[in-house]
Amino acid sequence: MPAFDAVSANRVPGRAARFAVVDPATGEPFDEAPDMRPEELHAVVGRARRAWPGWRSDPAARTHALLRAAEAVETAGDDLARLLTREQGKPLAESYAETARTAARLRYFAELAPRTRRISDGRPVRSEVRWRSLGPVAAIVPWNFPLQLAAAKFAPALAAGNTVVLKPSPFTPLATRLLGSVLAAALPEDVLTVVTGREPLGARLASHPGIRHVTFTGSVPTGRAVAAGAAASLARVTLELGGNDAAVLLDDVDVERIADRLFWAAFRNCGQVCMAVKRVYAPARLHAEVVDALAQRAKSVAVGSGLDPDTRLGPVNNAPQLARVEEVTERALADGARAAAGGHRLDGPGYFFAPTILTDVPPGSAVVTEEQFGPVLPVLPYGSVDEAVDAANGTGFGLGGSVWGTDLDRAEAVADRLECGTAWINHHAELSLAQPFAGIKDSGVGVAGGPWGLYGNLRPFVVHRPEDT
């Protein structure tokens, strides 16, 4: 298969409405994407509906098509990764990893199939629970992991026999458009369509009466709006609405041994990870040591363009998010917090913010209670484990959390008290394709990942027949 041309795949016809896409490393536009009109979206959903019966009818053909799609993604990996870095900002090595993860997710779900279940309840009836697909699925994806989160939505939906309309963030539409072109070579026509545009395109897609399942990742307010829009047609919703994950360090923790892992659990992708560590609770006697260890790493990490091979941290993805990170940091500093490292924007072009470690942070500060979603990490002292657990559970979020210590049984007992969907011990934000991923409280509705993600795209269909006599 020939290499794909990232530029031509994203070129916009002269007659089409379009919008600019900005390189966050420079702060300047470098390309454009189509701004879809309402009537165009309606036509796309209609074609997805018409493609659904053929796609759902042949599981073996679906498996082969998804495996071909995985191979196509791997073949186009260089172009996808470079374009992803250009529009998202992350280091190129992370973009390659994201592209590989996209292919791996397609391959995983291609081999996964629902199981028919026989129900025996003493009656002279043979009852079987079978599984049927839902119809067209709307997949609405944020800008932090455009390809990986897209695949987390479309791979199980397609494997289940649904068709998909995929809408990326207007901040990162280009690599997803290229991905759509790559997948088009492996999938039947209209089985997966990428649509791009500024709002209210996402709202129109979520509320379209032809959509039967809306899967969305993004902010809590937007997630609520998506759910309200989908309610009009009683479409199923799966919402992953971010997190404010706490890392609780126990008093037997080896600070120097875990410092690198803890730092990158917070700062990977410039802190723009829903399940990143966003708060650290350290025993009072170890607090200064933890702050110093993290601050040393924040001061020494290489920050720059993701295309530079020496870069470990890229820019914040977009200007509104940079303003948000700056705002919560300045509010914390005004309330008495101290920046042990960073605390400010970096001079020069682009959306760069210095990797920041905050200490002496008031517990009620927004940088603690809200999701900052950037390269800023508050470190707070605690007196007792009960106090730390109460603080960790004291926000409206419940996506993930972690406990760090030498005594693994004790750490697990503390982790079991965290109010979240996933708890890690001595690491954070590591997921297997085979495990469920879900939050509680404001962090979401529904389950993604593993067989749970597949069944979330299916409905049960029960067949009763008399037993043979």
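As the structure is a prediction and not an experimental result, all values here were calculated from the model.
Inter-residue side-chain proximity for T172 and F145 is flagged as unmet; no heavy-atom pair is nearer than 4.5 Å. With contacts defined as side-chain heavy-atom distances shorter than 4.5 Å, the pair L431/R101 qualifies. V376 is not listed as a side-chain neighbour of I357, based on a closest heavy-atom distance of 4.5 Å or more. Here the side chains of P136 and R212 are in contact, with some heavy-atom distance below 4.5 Å. The shortest distance between side-chain heavy atoms of I425 and L408 falls below 4.5 Å. The shortest distance between side-chain heavy atoms of I258 and V253 falls below 4.5 Å.
A salt bridge links R297 to D260: one of the charged nitrogens lies within less than 4.0 Å of a carboxylate oxygen. Between R410 and D251 there is a salt bridge, since a side-chain N of the basic residue sits under 4.0 Å from a carboxylate O of the acidic one. Salt-bridge formation is not detected for the pair E430/R268: no Lys NZ or Arg NE/NH1/NH2 atom is positioned less than 4.0 Å from an Asp or Glu carboxylate oxygen.
For the residue pair S402 and V277, the shortest heavy atom distance occurs at OG-CG2, 4.3 Å. Contact between A186 and R68 at its shortest, heavy atoms only, is O-NH2, 3.2 Å. What you find for L149 and P142 is that their closest heavy atoms are CD1-CG, 3.5 Å. Among all heavy-atom pairs drawn from H208 and S233, the shortest one is O-OG, 4.0 Å. For the pair P375 and V316, the tightest heavy-atom approach, listed with the atom from each and the gap, is CD-CG2, 4.0 Å. In terms of heavy atoms, N426 sits closest to R261 at O-NH1, 2.7 Å.
Figure legend: R132 and F461 shown as a cation-pi pair, the cationic atom lying under 6.0 angstrom from the six-membered ring centre and within 45 degrees of its axis.
For the residue pair T395 / T369, no side-chain donor-acceptor distance below 3.5 Å is found, with atom types taken as modelled. Side-chain contact annotation: T422 with W424, donor-acceptor N/O pair under 3.5 Å absent. Judged by distance alone, the side chains of S219 and T222 do bring a donor and an acceptor atom under 3.5 Å apart. Side-chain atoms of H213 and T238 include a donor-acceptor pair closer than 3.5 Å.
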- Message: For a side-chain contact (heavy atoms from CB on, under 4.5 Å) check, start with the C-alpha distance between L205 and V45, then their side-chain angles and the critical distance, and finish with the verdict.
- Response: CA-CA 9 Å; L205 178 58; V45 175; 4.3 Å; yes
- Message: Set out, in order, the CA-CA distance, both residues' side-chain angles and the distance that settles side-chain contact (heavy atoms from CB on, under 4.5 Å) for T196 and V194, then state yes or no.
- Response: CA-CA 7 Å; T196 62; V194 177; 4.3 Å; yes
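More than 12 heavy-atom neighbours from other residues, nucleotides or ligands sit within 6.0 angstrom of CD on E387. No more than 12 heavy atoms of other residues, nucleotides or ligands sit less than 6.0 Å from atom NE2 of H64. Heavy-atom neighbours of R417 CZ from other residues, nucleotides or ligands within 6.0 Å: above the threshold of 12.
The closest donor-acceptor contact from the side chain of N244 to the backbone of E370 lies under 3.5 Å. Remark: the backbone N or O of L399 is paired with a side-chain donor or acceptor of S443 at under 3.5 angstrom. In terms of modelled atom types and a separation under 3.5 Å, the side chain of N162 and the main chain of S133 share no donor-acceptor contact. Looking only at distances, no side-chain donor or acceptor of N317 sits under 3.5 Å from a matching main-chain atom of Y351. Under a 3.5 Å cut-off, the side chain of T215 and the backbone N or O of K153 do not form any donor-acceptor pair. Judged purely by atom type and a 3.5 angstrom limit, R236 uses its side chain to pair as donor or acceptor with the backbone of G456. Put simply, the side chain of E327 never gets that close to the backbone of L322: no donor and acceptor are under 3.5 Å apart. At distances below 3.5 Å, at least one donor-acceptor pair connects side-chain atoms of Y382 with backbone N or O atoms of L249. Panel note: side chain H287, backbone V379; a donor-acceptor pair is recorded below 3.5 Å. Formation of a donor-acceptor pair under 3.5 Å by the R279 side chain with backbone atoms of A391 is found in this model.
Annotation: salt bridge (Lys or Arg N to Asp or Glu O under 4.0 Å) contacts involving residues 84-96, sequence neighbours excluded, comprise D23-R86, K90-E98. Residue pairs meeting the salt bridge (Lys or Arg N to Asp or Glu O under 4.0 Å) criterion with at least one member in residues 439-460, sequence neighbours excluded, are R224-D442, E419-K441.
Ring orientation note: the planes of F263 and F267 are close to parallel, at an angle under 30° on the 30°/60° scale.
Under the side-chain contact (heavy atoms from CB on, under 4.5 Å) criterion, R107 pairs with L67, A70, E71, E74, not counting sequence neighbours.
The OG1 atom of T356 sits 6.0 Å away from the CG atom of L358 when rounded to the nearest 0.5 Å. Separating the CG atom in L41 from the CZ atom in R204 is a distance of 8.0 Å, to the nearest 0.5 Å.
Taking the ring centroids of Y455 and W131, they lie under the 6.0 Å cut-off. Taking the six-membered ring for Trp, F373 and W143 have ring centres closer than 6.0 Å.
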